[in-house]
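A note on names: the letters A, B, ... follow the listed sequences, proteins ahead of strands, and every chain is numbered from 1.
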Number of protein chains: 2
Amino acid sequence: MRIVEKAGCESCQHKCDIFLTSKEMGLEDSLQPRKVAYKKYEQICRQNSIVTHAIILCEGNAKMYIEGSNGKNIILNILMPSNYIGLLAVFGSPSYSYNVSALTPCVTCHIGIEMIKKLYYHNHNYLIQLNQAFGSSVASIMKKLLSLSQKQLRGKVAESLIYLSQLYESHAFTLTITRKELGELSGISEENAVRVLTEFKNEGIIGLHGKVIEVLDMEMLQKLSLIG
Amino acid sequence: MRIVEKAGCESCQHKCDIFLTSKEMGLEDSLQPRKVAYKKYEQICRQNSIVTHAIILCEGNAKMYIEGSNGKNIILNILMPSNYIGLLAVFGSPSYSYNVSALTPCVTCHIGIEMIKKLYYHNHNYLIQLNQAFGSSVASIMKKLLSLSQKQLRGKVAESLIYLSQLYESHAFTLTITRKELGELSGISEENAVRVLTEFKNEGIIGLHGKVIEVLDMEMLQKLSLIG
DNA sequence: GTAAAAAGTTGCTACACATCAATGTTGTGA
DNA sequence: TCACAACATTGATGTGTAGCAACTTTTTAC
């Protein structure tokens, strides 16, 4: 990781109004937000480490995941600009309860936790936005909980494909994750992720060419996801 | 459910300062908090229904659970006084993402969402408390996610027993849930919940007499939970 | 451009777990 | 107190899924 510029961060300005507000407040330089660049695979934040900044993803794709005691991971989310990264940890807990690492080269915006707290009181709209983002994260974790414990292979993969299709806002998309990671996103093994993808291709539900996936029969995917 | 008194609610006053604040603010009667009584098994809030009140559990035990499309449940938490019930939904989402129902007769305190929003701005300490409770809920859901997807029977049950022991703050406790619900709490079938309990008893890890469980070897439980 | 590493694919096997069934036990309401 | 329902327990069985191994394809790095 390297710091690319001290302040500015126009790319996430539209979202959170942090920068306008920070200017209004006339904050000293050391409290101003910073942009940081990460290489592919680099870890942006680590489970159990202390939260010192709120982080917003400005460019690139990242995965949010938790790792179990046996070394296997579960991917909770794929993060896109301009998602919050530090969000779930900022106010609730002093340390991260998950990892985030870069799937592609990424640029993030780091905002000191002290400044966030000032803004917290200064701008109520920002606060409500933060809480809403928080809430929808919880809802999506709940969904994953159900999916992992009750659905079987095909239902889990179907759900992941629907998720990815919504994430990329298109029926055709290029995966930024490997088959192993698709397995971790679905809570299944790499091998079974491959097997189910092949099945879906053979059944005409999806088109499959390496990392490029095209959803051909979304209705069927929805159905598969629902029945498990 | 029945409304037992219009305001007051001394039992949760120590926790959130809502009532002191509401008096300071001189709120009209219709906005004052209300106490509500529920019978055993009665549902306190329902998945997908609209959130109109923040709810605090004042007396009794309740289970927070989500239900899947196949009718099977996952119990997220056992709630004790004075846990928040509506918490995860209050600011994040307009509707509940889970169910809560009474395991024993319960008394709750309902606070109109409008009043919560007023308090939100009026008392910053309350706000921070709320966010911290929110955060620890998220952390516990993450833990469950890992447990469900990576541990096997004995590890899951061990984790549930540790959870219950901490919940009741004692090595010996009387379950307010059935074996089926212990299964739902652990993400396994009722039959296997029974089998593992019997195993643990035969191995001298726990004492077992119907609903009364005594943890005899907490260290072993911790170990079992960790290795999965 | 070539070698090495990473990612992807397929078949086979073992087993952990859910499910079914039968039966015993406890609790509850008339 | 009796009858019925809910809860608890144990054994037998089928199957969904992880893990292993062998192999091919793609990507990465020098």
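For B/Glu191 and C/dC17, a side-chain-to-base donor-acceptor distance below 3.5 Å is absent, hydrogens and geometry of angles not being considered. Under 3.5 Å, the side chain of B/Glu190 and the base of D/dC7 form no donor-acceptor pair of N or O atoms.
A donor-acceptor contact closer than 3.5 angstrom is absent between the side chains of B/Ser101 and B/Lys63.
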Quick one: what's the B/S/- string for nucleotides 24-30 of chain D, heavy-atom cutoff under 4.0 Å, read 5' to 3'?
----S--

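Taken from CG in B/Leu145 to CE in A/Met142, the straight-line distance is 11.0 Å, to the nearest 0.5 Å. Separation of atoms OH (A/Tyr65) and CD1 (A/Ile75) is listed at 9.0 Å; rounding is to 0.5 Å.
B/Asn192 has a side-chain polar atom (N or O) that falls below the 4.0 Å cut-off from OP1 or OP2 of C/dA18.
Between B/Gln47 and B/Tyr96 there is no side-chain heavy-atom pair separated by less than 4.5 Å. Side-chain atoms of B/Leu79 and B/Ile85, non-hydrogen and from C-beta on, do get closer than 4.5 Å to each other. Between A/Asn61 and A/Met80, the closest side-chain pair of non-hydrogen atoms falls below 4.5 Å.
Between the CD atom of B/Gln150 and the C1' atom of D/dT17 there is a distance of 15 Å, rounded to whole Å. Taking atom CD1 of residue B/Ile188 and atom P of nucleotide D/dT9, one finds them 13 Å apart after rounding to whole Å. Straight-line distance from the CD atom of A/Glu184 to the C1' atom of D/dA18: 14 Å, rounded to whole Å. Atom CG in A/Leu153 sits about 9 Å away from atom P in D/dG16, given to the nearest Å. Rounded to whole angstrom, the span from the CG atom of A/Leu182 across to the P atom of C/dA6 amounts to 21 Å. Distance CG (B/Leu148) to P (C/dC17): 12 Å, rounded to an integer number of Å. One interatomic measurement links the two molecules: NZ of B/Lys180 to P of D/dA8, which rounds to 11 Å at whole-angstrom precision. Going from atom CG of A/Asn202 over to atom C1' of C/dT9 covers 13 Å, rounded to whole Å.
The side chain to side chain donor-acceptor pair (under 3.5 Å) contacts involving residues 188-197 of chain B comprise B/Ser189-B/Asn192, B/Asn192-B/Arg195, where partners must be two or more places apart or lie in separate chains.
The existence of a salt bridge linking B/Arg154 and B/Glu203 is confirmed by a sub-4.0 Å separation between a basic side-chain nitrogen and an acidic carboxylate oxygen. Ion pair A/Glu67/A/Lys72 not flagged as a salt bridge, since none of the NZ, NE, NH1 or NH2 atoms sits closer than 4.0 Å to an Asp/Glu carboxylate oxygen.
The stretch residues 193-201 of chain B touches DNA chain C through B/Arg195, each having a heavy atom within less than 4.0 Å of the strand.
Between A/Lys151 and B/Thr178, the one whose closest nucleotide on DNA chain D sits nearer the 5' end is B/Thr178.
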